[in-house]
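Below is one structure, written out as structure tokens; the observations come after it.
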There are 2 protein chains.
Amino acid sequence: MSKNATNTGRRAGLDRNDMVAAALALVEADGVGALTMRRLAAELDVTTNTIYWHVGSRDELILEIIRSHSRQIAELPIEGTTAQERVFSAARHIWESSMASRSVTSLAHQTGTAAEHLHPLEVVLAQELEAAGLRGEELARAQRSIQVTVGGFLLNALRSDASREGDARGAAWTDEDNGLTPETVDALAQSPDYDALLADTLRAIIATHVG
Amino acid sequence: MSKNATNTGRRAGLDRNDMVAAALALVEADGVGALTMRRLAAELDVTTNTIYWHVGSRDELILEIIRSHSRQIAELPIEGTTAQERVFSAARHIWESSMASRSVTSLAHQTGTAAEHLHPLEVVLAQELEAAGLRGEELARAQRSIQVTVGGFLLNALRSDASREGDARGAAWTDEDNGLTPETVDALAQSPDYDALLADTLRAIIATHVG
DNA sequence: ACCTGAACACCGTTCAAGT
DNA sequence: ACCTGAACACCGTTCAAGT
């Protein structure tokens, strides 16, 4: 667990960044639930107070994790030639990197720091919207509509991850007498393909704003 | 705190429904954070074990709260004459009743029981989509796209509630050198009108599915 | 059957004290 | 300046015991 071999005295020799890095590693390895001050302290071979001294509080630690990870997000190249395609590409990048690091995304969602987390990619989206000719209030509406929608899909997709196997996700639809067609009930009972669904939804939204 | 005057012995005389009702009242009064087994026990003038005996666990209690509140959701009348208008109306009902009981909605979101919570209103939406001529897989895509989008807006709107006053919500946009137009930055820095934004977004999505 | 008292194994956080 | 030991005020949950 201890990463510094040149530890002469009882000083741990760790700084704020080491704490944040270890916390990020912990979350990525064992999920959001594993991030407790006591576990992190054990991982670093120090007391919880050491973390408090360097970081301040659990909230600050989480904010730093998000900021730190935010800087590590690679800015994928925007693809497409038309304005709609390029905006679509920028929007999907937000989805893709969020899904790529699900644990951190979950942490960001649970702590209300999702905006902070994805800001770099959101800037790229805004730039593409400007390139498409949008400005000011008009751009803000498109931007937010896209951001919020992607956020909604992330929420559901990450929840699907968490729920066990093919359990009773759509059981509510089959186990009751709602006046729906059998083929509709069947379709609703199956687990959705969020990836494809987001693509369709995004295209619909983007078409109304840039075109 | 004690609601039963006819309490002869040391028996509390409370059943499962009383626990769930008190828990629901607690959440609506003091928010999700107030729902601890110990606080609920104190509210009912019993020990936590009494709750465990009647309900089982905190997770079961929350599920029952959601189910109980789900039954209390009034089914507002669908408005509009065209298919698009009526689907829009059904979709907005999900948003409206979720916002009307924010605390329970927050609880449902945090515990992954949002689908359970809003299911009655989602059935109404599905029925309107069938009335609009959709069936099976085609309907499921429309249904989910709408549900997930509304969920995303709820997530953001409820978070805006929680965040203090007019603090640094859009500060990230103004405090940096992203190559954006000043009027765009200004627009993005302001707090969004989720209600109006959802209306626009829903119309865009619905238009692509029912026409 | 229904309920209590006491305890277990956790949390985040703080305070006084050490070097 | 940097870190420990011990404690406070909470959690959810369980177990043996009472009536």
Side-chain angles (χ1 to χ4, degrees), chain A residues 1-24 26-27 30-66 106-107 110-113 162, chain B residues 1-24 26-27 30-66 106-107 110-113 162:
Chain A
M1 302 295 178
S2 70
K3 32 165 74 172
N4 50 331
T6 56
N7 190 355
T8 54
R10 19 177 307 287
R11 240 70 163 197
L14 301 171
D15 62 357
R16 191 175 226 258
N17 289 332
D18 293 322
M19 318 256 135
V20 175
L24 176 55
L26 222 179
V27 169
D30 295 355
V32 181
L35 182 62
T36 71
M37 304 303 268
R38 282 173 165 86
R39 257 201 81 163
L40 178 58
E43 210 81 23
L44 291 165
D45 266 322
V46 293
T47 318
T48 54
N49 313 277
T50 306
I51 304 172
Y52 279 90
W53 199 91
H54 283 291
V55 183
S57 70
R58 188 171 185 267
D59 284 350
E60 284 184 59
L61 175 64
I62 289 172
L63 240 180
E64 279 301 310
I65 294 173
I66 299 303
S106 288
L107 182 66
Q110 286 174 32
T111 53
T113 52
Chain B
M1 303 296 178
S2 69
K3 34 166 69 173
N4 52 333
T6 57
N7 190 356
T8 53
R10 22 177 306 287
R11 239 70 165 198
L14 301 170
D15 63 354
R16 192 177 224 257
N17 289 331
D18 293 323
M19 318 256 135
V20 176
L24 176 56
L26 222 179
V27 170
D30 295 355
V32 181
L35 183 62
T36 72
M37 303 304 268
R38 282 173 163 87
R39 256 200 82 164
L40 177 58
E43 210 80 23
L44 293 165
D45 265 322
V46 292
T47 318
T48 54
N49 313 278
T50 306
I51 304 172
Y52 278 90
W53 198 91
H54 284 290
V55 184
S57 71
R58 188 170 185 266
D59 284 350
E60 286 184 59
L61 176 64
I62 289 171
L63 240 181
E64 279 301 310
I65 294 173
I66 298 303
S106 287
L107 182 65
Q110 284 174 31
T111 54
T113 52

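Computed from heavy atoms alone, side chains included, the values below leave out hydrogens, waters and symmetry copies.
- Nucleotide C/dT19 is matched to D/dA1 when pairs are restricted to Watson-Crick or G-U wobble geometry with both distances under 3.5 angstrom.
- A side chain to side chain contact (heavy atoms under 4.5 Å, CB included) with B/Leu35 holds for exactly one of B/Leu24, B/Ile65, B/Asp30; it is B/Ile65.
- The interatomic distance linking A/Arg39 (CZ) with C/dT13 (P) rounds to 18 Å, in whole Å.
- In this structure, the CG atom of B/Leu44 is 13 Å from the C1' atom of C/dC3, given to the nearest Å.
- Between the CE atom of B/Met37 and the P atom of C/dT4 there is a distance of 14 Å, given to the nearest Å.
- Interatomic distance, CE of A/Met37 versus OG1 of A/Thr47, reported as 12.0 Å (0.5 Å rounding).
- From A/Arg58, atom CZ reaches atom OG1 of A/Thr48 across 13.0 Å, with rounding to the nearest 0.5 Å.
- Dashed line: the shortest gap from a side-chain N or O of A/Thr48 to OP1 or OP2 of C/dT13 is not under 4.0 Å.
- For the pair B/Arg16 CZ and C/dC2 C1', the computed distance is 15 Å after rounding to whole Å.
- Annotation: the span from B/Leu61 atom CG to B/Thr111 atom OG1 amounts to 10.5 Å, rounded to 0.5 Å.
- Side-chain proximity of A/Arg38 to C/dT14, C/dG12, C/dT4: nearest is C/dG12.
- Ranking D/dT4, D/dG12, C/dA6 by closeness to the A/Thr50 side chain, first place goes to D/dT4.
- For D/dC11, one of the phosphate oxygens OP1 or OP2 lies less than 4.0 angstrom from a side-chain nitrogen or oxygen of B/Thr36.
- Between the CG atom of B/Leu40 and the C1' atom of D/dG12 there is a distance of 13 Å, rounded to whole Å.
- Within the structure, a side-chain polar atom (N or O) of B/Thr47 is placed less than 4.0 Å from OP1 or OP2 of C/dT4.
- Across all strands shown, D/dT13 pairs with C/dA7; the Watson-Crick or G-U wobble distances both stay below 3.5 Å.
- Distance CD1 (B/Ile51) to C1' (D/dT14): 15 Å, rounded to an integer number of Å.
- One atom, CG of A/Leu35, and another, P of C/dC10, lie 17 Å apart when rounded to the nearest Å.
- Distance OG1/A/Thr113 to CG/A/Leu107: 6.0 Å, rounded to 0.5 Å.
- Across residues 53-63 of chain A, A/Ser57, A/Arg58 each have a non-hydrogen atom less than 4.0 Å from an atom of DNA chain C (numbered order).
- Between A/Glu60 atom CD and A/Ile51 atom CD1 the span is 13.0 Å, to the nearest 0.5 Å.
- In this structure, the side chain of A/His54 engages the main chain of A/Leu14 through a donor-acceptor pair within 3.5 Å.
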